[in-house]
Each structure stands twice: as C-alpha cells, then as structure tokens.
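Residue numbers count from 1 along this sequence.
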Amino acid sequence: YRVPTIGVLLGLLTGINLTYIAFAPIFALYILIQSPRQWGKLVMMGMGFIITAGILVGLVNLSRYGSFTETGYKFGAGEGFTTPLFTGLYGLFFSPWRGILWYMPLFWLLPVGWWFLQKKYHSLAWVIIACIAVQSVIYALWWSWHGGVVWGARFLVPIIPIAMIGLAPIIQWVFTSSANNRAHHVAPLQPMRWIIIIAITALFILSIGLQLLGTLYDFNAHEGVLY
C-alpha cells in the first residue's frame with residue numbers, strides 16, 4: 001500500500017502546481033533502485049499518480065477554469081519561465097530579502113548531514129538532492145522567482161521538510177554517541193561533538209526566531225523593497 005500511496009500523494013501535489021509533475025520521475029527511479037525488476041510497484045505508483053493528478057485534480061481544474069490542464073496562471077499575459085537561471089538561484093538562496101540560507105540558518109548544516117546520510121542511505125540522499133534541485137531550478141526560472149511581497153523564499157518552503165531529513169544523521173550521531181558513553185562509563189563527548197551540539201542548538205533557535213519575526217512584522221509595509 002505504500003507505493004500506491006506515494007503515487008497518490010505525488011498526484012495531489014499537482015493540485016498545488018502542475019510543476020510538481022517533475023517529482024514523479026524522481027520517486028519512480030528511487031522505487032526501481034530499491035526494488036529492481038519489480039515493475040509492478042512502479043505500475044501501482046503510476047496508477048495512483050494518474051488517478052489523482054489526471055482525474056481528481058483534472059476535474060477540479062475543469063470545474064474552475066474549464067480545462068483539465070488550466071491552473072489559473074496567465075502565460076499569455078507574460079507569466080512564464082523567463083528569469084535567468086543563476087539570477088533566480090542566487091535570489092532564492094543568497095539574496096538578503098529572499099535567501100533561504102538567511103531565513104532558515106539550519107540549511108548551513110545540510111552538507112554535513114547529507115554526507116552522513118549518503119554513507120548509510122545512498123539512494124535516499126540523492127532523492128533529497130534531486131528534489132531540492134528540481135524545486136530550485138523550476139522556481140529560479142519563474143518570472144516572479146521572489147514570490148511576490150513576502151518574507152523569504154516562499155517557493156522553497158515545500159522542500160524544507162525533506163531537506164531537514166539530512167539533519168537526522170547528525171542528531172543521531174551526537175546523541176547515540178552520548179548515550180553509549182554513559183552506558184559504558186567512558187569519557188564524555190569529544191569536543192567536536194560539543195561543537196556540533198552547540199551549532200545545531202544555536203541555528204535551531206535562530207531559525208525559529210527568524211520565523212517568529214516574520215510573523216510579527218507585516219511585510220506589506222516593505223512592499224517597495226520586497227517586490
């Protein structure tokens with residue numbers, strides 16, 4: 001039941017935006033890597049995706065816009081994928097008003113966490129990279145890559161949960177080592193682990209604090225800068 005559920009959930013994503021169709025091949029390839037030659041699983045995922053995206057979401061689009069594939073965007077009026085790629089990528093990750101690395105400082109730890117993750121869960125680690133890359137490239141190219149008058153990179157919010165999986169190995173490494181040391185009455189945590197604990201805690205508090213600031217201060221007063 002898990003594989004069809006993946007297809008259904010991916011199909012529901014297209015109800016948010018049709019660009020999420022690009023995620024389906026990523027998870028299809030992951031399923032094939034995890035279960036070689038078990039094409040039945042891929043078929044079940046595809047059926048779940050087609051039923052949800054092609055029929056359910058399609059019917060919603062038909063009722064609202066008069067077409068299965070119409071989603072409300074106005075490509076004829078100038079909307080489209082017209083931003084230079086590196087301009088959009090810089091804006092989404094590094095620019096002062098949108099850069100996710102400033103609005104979500106925990107992202108700075110992802111390279112370290114990903115390195116730990118790929119040692120044990122190689123395929124999953126690359127799925128995370130692929131999802132981040134696809135989401136980033138699509139919206140870096142979008143004409144309104146900044147997402148309008150908002151704090152931060154709202155178009156990258158959907159990848160934050162899957163990106164945070166990369167932090168799990170770091171946390172596991174730190175606290176598993178700590179528990180083992182206490183159980184075997186050995187020396188306390190090494191200095192490097194203390195540094196990582198402090199870094200995770202500080203970046204977590206900073207990330208939460210920035211989200212609170214974003215909810216406390218009205219961005220509409222800064223429309224001239226943010227748009």
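Note on Met47: it does not cluster hydrophobically with Leu9, by side-chain heavy-atom contacts below 4.5 Å among ILVMFWY residues. The hydrophobic clustering, which links ILVMFWY residues whose side-chain heavy atoms are closer than 4.5 Å, places Ile31 and Ile162 together. Cluster annotation: Val157 and Leu92 are assigned to distinct hydrophobic clusters (Ile/Leu/Val/Met/Phe/Trp/Tyr, side-chain heavy-atom contacts under 4.5 Å, transitive). Tracing side-chain contacts under 4.5 Å through hydrophobic residues (I, L, V, M, F, W, Y), one never reaches Val43 starting from Phe27; they form parts of separate clusters. Tyr65 and Ile21 end up in different hydrophobic clusters when Ile, Leu, Val, Met, Phe, Trp and Tyr side chains are linked at under 4.5 Å.
Note that OG of Ser136 is 10.5 Å distant from CG of Leu141, once rounded to the nearest 0.5 Å. Note that CG of Asn17 and CD1 of Ile138 are 8.0 Å apart. Values are rounded to the nearest 0.5 Å. Rounding to the nearest 0.5 angstrom, the gap separating the CD1 atom in Ile129 from the CD atom in Gln118 is 10.0 Å. Ile132 contributes atom CD1, which lies 6.0 Å from atom CZ of Phe107 (distance to the nearest 0.5 angstrom). A distance of 6.5 Å separates OG of Ser207 from CD of Gln211, quoted to the nearest 0.5 Å. Atoms OG and CG, on Ser95 and Leu89 in that order, are 11.0 Å from each other to the nearest 0.5 Å.
Other residues, nucleotides and ligands contribute more than 12 heavy atoms inside 6.0 Å of the CZ atom of Phe116. Within a 6.0 Å radius of CZ in Phe204, other residues, nucleotides and ligands contribute 12 heavy atoms or fewer.
Closest approach of Val60 and Ser63 over heavy atoms only: O-OG, 2.7 Å. For Val57 against Gly11, the heavy-atom pair with the smallest separation is CG2-O, 3.7 Å. Of all the heavy atoms in Ile128 and Ala163, the pair that sits closest is CG2-CA, 4.3 Å. Across Trp145 and Ala140, no two heavy atoms sit closer than the pair CB-O, 4.0 Å. Taking all atoms of both residues into account, the shortest heavy-atom contact from Met45 to Ala28 is CE-N, 3.8 Å. Residues Lys41 and Ser35 share a closest heavy-atom pair of NZ-OG, 3.2 Å.
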Side chain to side chain contact (heavy atoms under 4.5 Å, CB included), that's the test. Do Met104 and Leu210 meet it? Break it down for me.
CA-CA 8 Å; Met104 193 68 171; Leu210 287 169; over 6 Å; no
Could you go step by step and tell me if Phe93 and Leu156 meet the side chain to side chain contact (heavy atoms under 4.5 Å, CB included) rule?
CA-CA 9 Å; Phe93 284 93; Leu156 296 187; 4.1 Å; yes
Residues Leu32, Trp39; criterion side chain to side chain contact (heavy atoms under 4.5 Å, CB included); working and verdict
CA-CA 8 Å; Leu32 283 178; Trp39 297 96; 3.9 Å; yes
Dump the intermediate steps for side chain to side chain contact (heavy atoms under 4.5 Å, CB included) on Thr201 and Ile198, then the final yes or no.
CA-CA 5 Å; Thr201 304; Ile198 293 171; 5.8 Å; no
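Remark: side-chain polar atoms of Arg98 are not paired, donor with acceptor, to backbone N or O of Tyr103 under 3.5 angstrom. Within the 3.5 Å criterion, the main-chain N or O of Phe94 finds a donor-acceptor partner in the side chain of Trp102. Trp142 places no side-chain N or O within 3.5 Å of a backbone atom of Phe155 that could act as its donor or acceptor partner. Within the 3.5 Å criterion, the main-chain N or O of Gly88 finds no donor-acceptor partner in the side chain of Thr83.
The only option from Leu13, Thr14, Val8 that meets the side chain to side chain contact (heavy atoms under 4.5 Å, CB included) definition with Leu10 turns out to be Leu13. Each of Ile197, Leu117, Ile200, Leu110 was checked for a side chain to side chain contact (heavy atoms under 4.5 Å, CB included) with Ile170, and the lone residue meeting it is Ile200.
Using a 4.5 Å heavy-atom threshold, the side chains of Pro169 and Lys120 count as separate. Using a 4.5 Å cut-off on side-chain heavy atoms (C-beta onward), Ile160 and Ile100 make contact.
Aromatic ring pairs are classed by plane angle as parallel below 30°, tilted from 30° to 60° and perpendicular above 60°; the pair Tyr139 and Tyr20 is tilted.
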